[in-house]
> 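I'd like to ask some things about the structure below.
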There are 2 protein chains.
Amino acid sequence: METEQDFVSELGYLSLAVRLKRISDQMMHGARQVYKQYGLDIEPNWYLIFKLLQKRNCLSITQIGDELHFSHPSVISIVRKMRDKGFLTCTVDKADSRRQLVQLSKKALTELPQLEAFWQAGERSIAGLFEHNDDFLKKLDRLEKQYQRADFMTRTLNELNNEEQHT
Amino acid sequence: METEQDFVSELGYLSLAVRLKRISDQMMHGARQVYKQYGLDIEPNWYLIFKLLQKRNCLSITQIGDELHFSHPSVISIVRKMRDKGFLTCTVDKADSRRQLVQLSKKALTELPQLEAFWQAGERSIAGLFEHNDDFLKKLDRLEKQYQRADFMTRTLNELNNEEQHT
DNA sequence: CTTATTTATGTAGTTAACTACATAAATGTA
DNA sequence: TACATTTATGTAGTTAACTACATAAATAAG
């Protein structure tokens, strides 16, 4: 009755990083396929910026990075692509000429309702993978908070030192 | 009493992909730092190949990819780096001249016990992020199996069609 | 036994994130 | 007010995975 176990999942927590990356990549790739199939000229993670600016109206590059927990170079590259496709307008802040103020364009506001339908379908399709009342997202919150307290290197070095004390 | 919620986690399942990728990247980055700190000349995901060959002794590129659920180009690139560092030996299969037989080198066998200590510390450091008797890995198994049945695009297109039927 | 199909490996180019460094503007301090 | 520090953005280069296409060997089919 013992089912043939998968080698990677046999490795337990050790293979967590590679498994999480794989699932994430699959979702991202799937999203790209959906957009392509429907001829939508957007990319997978743009929804983060769309939704953030819908809520906050007008933000700088750094503010966007802080809210989304992205490095600023990542934000620059996403914002630039979205601007080139006409979804964002960027203007220099009059009070501080270093800052870019990023806003949704008219085109974005017009197309947002249509895009929402896709995002909601995507959300439902992921939610459907979990059981009703699943606490996966809560566990994820917890995991993220733990990493804010101490990163992987720190934790691993601690474990190495603990081991040495035992031997 | 309401704590200031994080924008990304407010998005629910929709932001799952980006959150999983972020955690995975952090772990990978941390591992690279640990190796660097201890002057170990290996890279984060090599342990998958080390451990697989420890168990299976001698495998081809394609077999490795199948076991680890990696594409064969990924395996080629990892194996090549490990071989260049002297951890693997590659020989052409006499029965089938297309195949590469990949094995652990003497150097690998000598160094494995030392590397094991790091991997075990890494494993403990991740396990420590979860509560005792946590079922996170089981949920992950389930998630992966669901995706083997139907990928993200298929699921999302289904949801889009369901929605259309309601309107 | 020749041709078609499948399998194994290899190559090229893409992805979305990152770090490290560079520059320039704003702010704080002596 | 000059100089030092901090902040905002920009650039370059790296990462680990992927897909799509290319080639060559082995196997199957007629």
> If the cut-off is 4.0 Å, is B/R19 near the phosphate of C/dA17, judged by side-chain N/O to OP1 or OP2?
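Indeed not, no polar side-chain atom of B/R19 lies that close.
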> Mind running a 4.0 Å heavy-atom check of residues 95-104 of chain B against DNA chain C and sending the residues that fall below it, in number order?
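Heavy-atom contacts with DNA chain C come from B/R98, B/R99, B/Q100.
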> Give me, pair by pair, the N or O atoms of the protein and of nucleotides 18-21 of chain C that are less than 3.5 Å apart, along with how far apart they are.
{"residue": "C/dC18", "atom": "OP2", "partner": "A/S71", "partner atom": "N", "Å": "3.0"}
{"residue": "C/dC18", "atom": "OP2", "partner": "A/S71", "partner atom": "OG", "Å": "2.7"}
{"residue": "C/dC18", "atom": "OP2", "partner": "A/S74", "partner atom": "OG", "Å": "2.4"}

> Between B/K21 and C/dT15, does any side-chain N or O lie under 4.0 Å from OP1 or OP2?
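Indeed not, no polar side-chain atom of B/K21 lies that close.
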> What salt bridge (charged side-chain N to carboxylate O under 4.0 Å, His left out) pairs are there with at least one residue in residues 28-38 of chain B, not counting sequence neighbours?
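Found none.
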> Could you list the residues that satisfy side chain to side chain donor-acceptor pair (under 3.5 Å) with B/S77, not counting sequence neighbours?
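Expected list: none.
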> Identify, with sequence neighbours excluded, every residue that meets salt bridge (Lys or Arg N to Asp or Glu O under 4.0 Å) alongside A/D96.
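Scan of A/D96 (salt bridge (Lys or Arg N to Asp or Glu O under 4.0 Å), adjacent residues dropped) gives A/R98.
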> Please state how far atom CH2 in B/W46 lies from atom P in D/dA17, giving the value in whole angstrom units.
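About 12 Å, once rounded to whole Å.
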> Could you list the residues that satisfy side chain to side chain donor-acceptor pair (under 3.5 Å) with B/S24, not counting sequence neighbours?
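B/S24 satisfies side chain to side chain donor-acceptor pair (under 3.5 Å) with no other residue.
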> Would you jot down, in residue-number order, the residues of residues 53-62 of chain A having a non-hydrogen atom under 4.0 Å from DNA chain D?
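Contacting residues: A/S60, A/I61, A/T62.
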> Just to verify, what does A/Q37 make a side chain to side chain donor-acceptor pair (under 3.5 Å) with, not counting sequence neighbours?
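So A/Q37 forms no side chain to side chain donor-acceptor pair (under 3.5 Å) with any residue.
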> A/K107: which residues meet the salt bridge (Lys or Arg N to Asp or Glu O under 4.0 Å) condition with it, sequence neighbours left out?
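Partners of A/K107 by the salt bridge (Lys or Arg N to Asp or Glu O under 4.0 Å) criterion come out as none, since no residue qualifies.
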> Which residues satisfy the salt bridge (Lys or Arg N to Asp or Glu O under 4.0 Å) test with A/E67, sequence neighbours excluded?
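Here the qualifying residues are A/R56.
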> Please list, chain by chain and in numerical order, all residues satisfying side chain to side chain donor-acceptor pair (under 3.5 Å) with B/E144, sequence neighbours excluded.
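Applying side chain to side chain donor-acceptor pair (under 3.5 Å) to B/E144 gives A/R19.
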> Write out all pairs satisfying ring pair (Phe, Tyr, Trp, His ring centres under 6.0 Å) with one or both partners inside residues 48-93 of chain B, taking only residues at least two apart or from two chains.
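For residues 48-93 of chain B, and leaving out neighbouring residues, the ring pair (Phe, Tyr, Trp, His ring centres under 6.0 Å) pairs sorted by first residue read B/F50-B/F87, B/F50-B/W119.
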